[in-house]
Amino acid sequence: MSAADPAPAEDFATAVLDWFERHGRHDLPWQHPATPYRVWISEVMLQQTQVSTVIPYFERFLARFPDVESLAAADRDDVLAHWAGLGYYARARNLHRCARMLVSQHNGEFPHALDDVAALPGIGRSTAGAILSLSRNAPHAILDGNVKRVLARYYAVPGWPGQTAVARRLWTLSEAVTPRRRARDFNQAMMDLGATVCNRQPQCQRCPLRSDCRGLAEGDPTVYPGRRPRRQKPLRQTTMLIIHGHGGILLERRPDTGIWAGLWSLPEATGDPETWAREQLGAGIQLLEESPATLRHEFTHFSLEIQPVRGRLMDETVVADNDRLWYDPLSDEAPGLPAPVHRLIHQKEPSE
DNA sequence: AAGGCGGGGTG
DNA sequence: CACCCAGCCTT
């Protein structure tokens, strides 16, 4: 067999599994114990998020919500507060909804059929396969970013995996190489291989698949998988009000759709801040001299320029309600705040 | 099929 | 600055 011919599926799995025994990651927090609940939480946190970022969030989340019952019983604000800073907040809302569905409809346990798991909110085909294989050794394939990278390079699959046809090819390949009897170790091994060897700067000399890798045989495996078509991102601007009163700072709950949905944030003024306060709060504000500097926040699909304006509430008639609260950063437990808002609020306050 | 949805790490 | 990361959901 020549150098760049793909090995039979059994040889592929054997090479990956042998490598895993010695070089895989065996001490990630969600691996001990790898219960369906812990694997599920970790897999959702790991969607589009790197392991090193997830670990401290996972520890805090599990300490507060140790099982599906405690998560189902929690308030949504509490769940979001433990997710704040991780991003993609629909994940937290879906996680909460899913916990309630598991408790009310599935006796607090995940179904055994792949399609039933993939039908739950926030769980797609790959996450469903990961939950069932990593926690129960069920024979399901996965296709996360690591597996896509390894397979696209090994089989020299051209094109961007965001394209349906490319994704379908990769799924077929993943199904073909996943062994029936050791799907748990194999899936973990593929993710470890993708994260530690077959990554941005691949270390092919350490790869168990190097002798049969088409991408390497072609000369440059990093041309696979194909890149996402690039688009230029627009600049948006906003004014955020830091209004002091009632011993704290005024926060508003963001709407259920759009960016930072469901989180608490600073009020955004359209137009003149004092006019905004009179119309929206029914109270005057006095603008203060010391406003923080303008800050810029980068999203994947746009840039946001935030102009902070500090003010003081002139009368104490504005009360908290379901969508409005007064937050004292020094003594209150932090609610779910977007990362740039958290940074803004927890800067040093002027002593006045 | 395409776009929305965060934030941090890295080059 | 750009791109990437244990994706999913809506339109």
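Throughout, protein chains are lettered first and strands after them, A, B, ... in sequence-line order, and every chain is numbered starting at 1. Hydrogens, waters and symmetry mates are skipped; everything else that's a heavy atom, side chains included, is used. Being a predicted model, the structure only gives us computed values, none of them experimental.
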| With sugar-phosphate meaning primed atoms plus P, OP1 and OP2, does A/Gly85 contact a base, only sugar-phosphate, or nothing at under 4.0 Å between heavy atoms? |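 Answer is sugar-phosphate: A/Gly85 comes under 4.0 Å of backbone atoms only.
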| task | For A/Arg343, answer base if it contacts any base atom (sugar-phosphate contacts may also be present), sugar-phosphate if it contacts only those atoms, and nothing otherwise; contact means non-hydrogen atoms under 4.0 Å. | result |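 Since only primed, P, OP1 and OP2 atoms lie under 4.0 Å of A/Arg343, the category is sugar-phosphate.
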| query | Can you name the ring-ring contact (aromatic ring centres under 6.0 Å, His included) partners of A/Phe302, sequence neighbours left out? | reply |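 Here the qualifying residues are A/Phe299.
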| request: Give a yes/no verdict on a cation-pi contact between A/Arg125 and A/Trp171, requiring under 6.0 Å between NZ or CZ and the six-membered ring centre and an angle within 45° of the axis. | output: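 So A/Arg125 does make the cation-pi contact.
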How many Å lie between [atom1] on [X] and [atom2] on [N], as a whole number?
X	N	atom1	atom2	result
A/Phe299	C/dA2	CZ	C1'	17 Å
A/Arg230	C/dC4	CZ	P	10 Å
A/Arg227	C/dA2	CZ	C1'	12 Å

| What pair of heavy atoms forms the shortest contact from A/Phe186 to A/Val177, and how long is it? |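 What the structure gives for the nearest pair is CZ-O, 3.6 Å.
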| request: Scan for salt bridge (charged side-chain N to carboxylate O under 4.0 Å, His left out) pairs involving residues 27-56 of chain A, sequence neighbours excluded, and state none if there are none. | output: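 Residue pairs with at least one partner in residues 27-56 of chain A: there are none.
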| Within residues 78-91 of chain A or reaching into it, pairs that qualify as salt bridge (charged side-chain N to carboxylate O under 4.0 Å, His left out) - sequence neighbours excluded |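 Counting only pairs at least two positions apart or across chains, the salt bridge (charged side-chain N to carboxylate O under 4.0 Å, His left out) contacts touching residues 78-91 of chain A are A/Arg64-A/Asp78.
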So does [X] pair up with [Y], basic N to acidic O under 4.0 Å?
X	Y	result
A/Arg182	A/Glu21	yes
A/Asp272	A/Arg278	no
A/Asp321	A/Arg324	no
A/Lys233	A/Glu298	yes

| field | Of A/Arg168 and A/Thr53, the one whose closest DNA chain B nucleotide lies more 5' | value |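 Its nucleotide being nearer the 5' end, the pick is A/Arg168.
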| query | For DNA chain B, whose closest nucleotide is more 5', that of A/Ser52 or that of A/Leu86? | reply |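 Looking at DNA chain B, the more 5' nearest nucleotide goes with A/Leu86.
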| Are A/Ser126 and A/Asp144 close enough, and set up right, to give a side-chain hydrogen bond (donor to acceptor under 3.5 Å, both in side chains), and what steps lead you there? | CA-CA 7 Å; A/Ser126 186; A/Asp144 71 333; 5.6 Å; no
| What is the per-nucleotide protein-contact pattern of nucleotides 5-10 of chain C, from the 5' end, where B denotes a base atom under 4.0 Å from a protein heavy atom, S denotes such proximity for sugar-phosphate atoms only, and - denotes neither? | BBBSS-
| So, is A/Arg296 near the phosphate of C/dC1, with a side-chain N or O under 4.0 Å from OP1 or OP2? |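 Yes, such a contact exists.
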| said: Distance under 4.0 Å to a non-hydrogen atom of chain A counts as contact; along DNA chain B, which nucleotides mark the start and end? | reply: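 In short, chain A contacts DNA chain B from B/dA1 to B/dG11.
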For nucleotides [N] and [M], find the distance between their [atom1] atoms and express it as a whole number of Å.
N	M	atom1	result
B/dG8	C/dC8	P	23 Å
B/dG11	C/dA6	C1'	23 Å
B/dA1	C/dC5	C1'	23 Å

| said: Please list, in numerical order, the residues of residues 169-183 of chain A that have a heavy atom closer than 4.0 Å to any atom of DNA chain B. | reply: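 Output list: empty, so none.
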| message | In terms of relative ring orientation, are A/Tyr37 and A/Trp40 parallel, tilted or perpendicular, with 30° and 60° separating the classes? | response |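 If you compare the ring of A/Tyr37 with that of A/Trp40, the planes turn out perpendicular.
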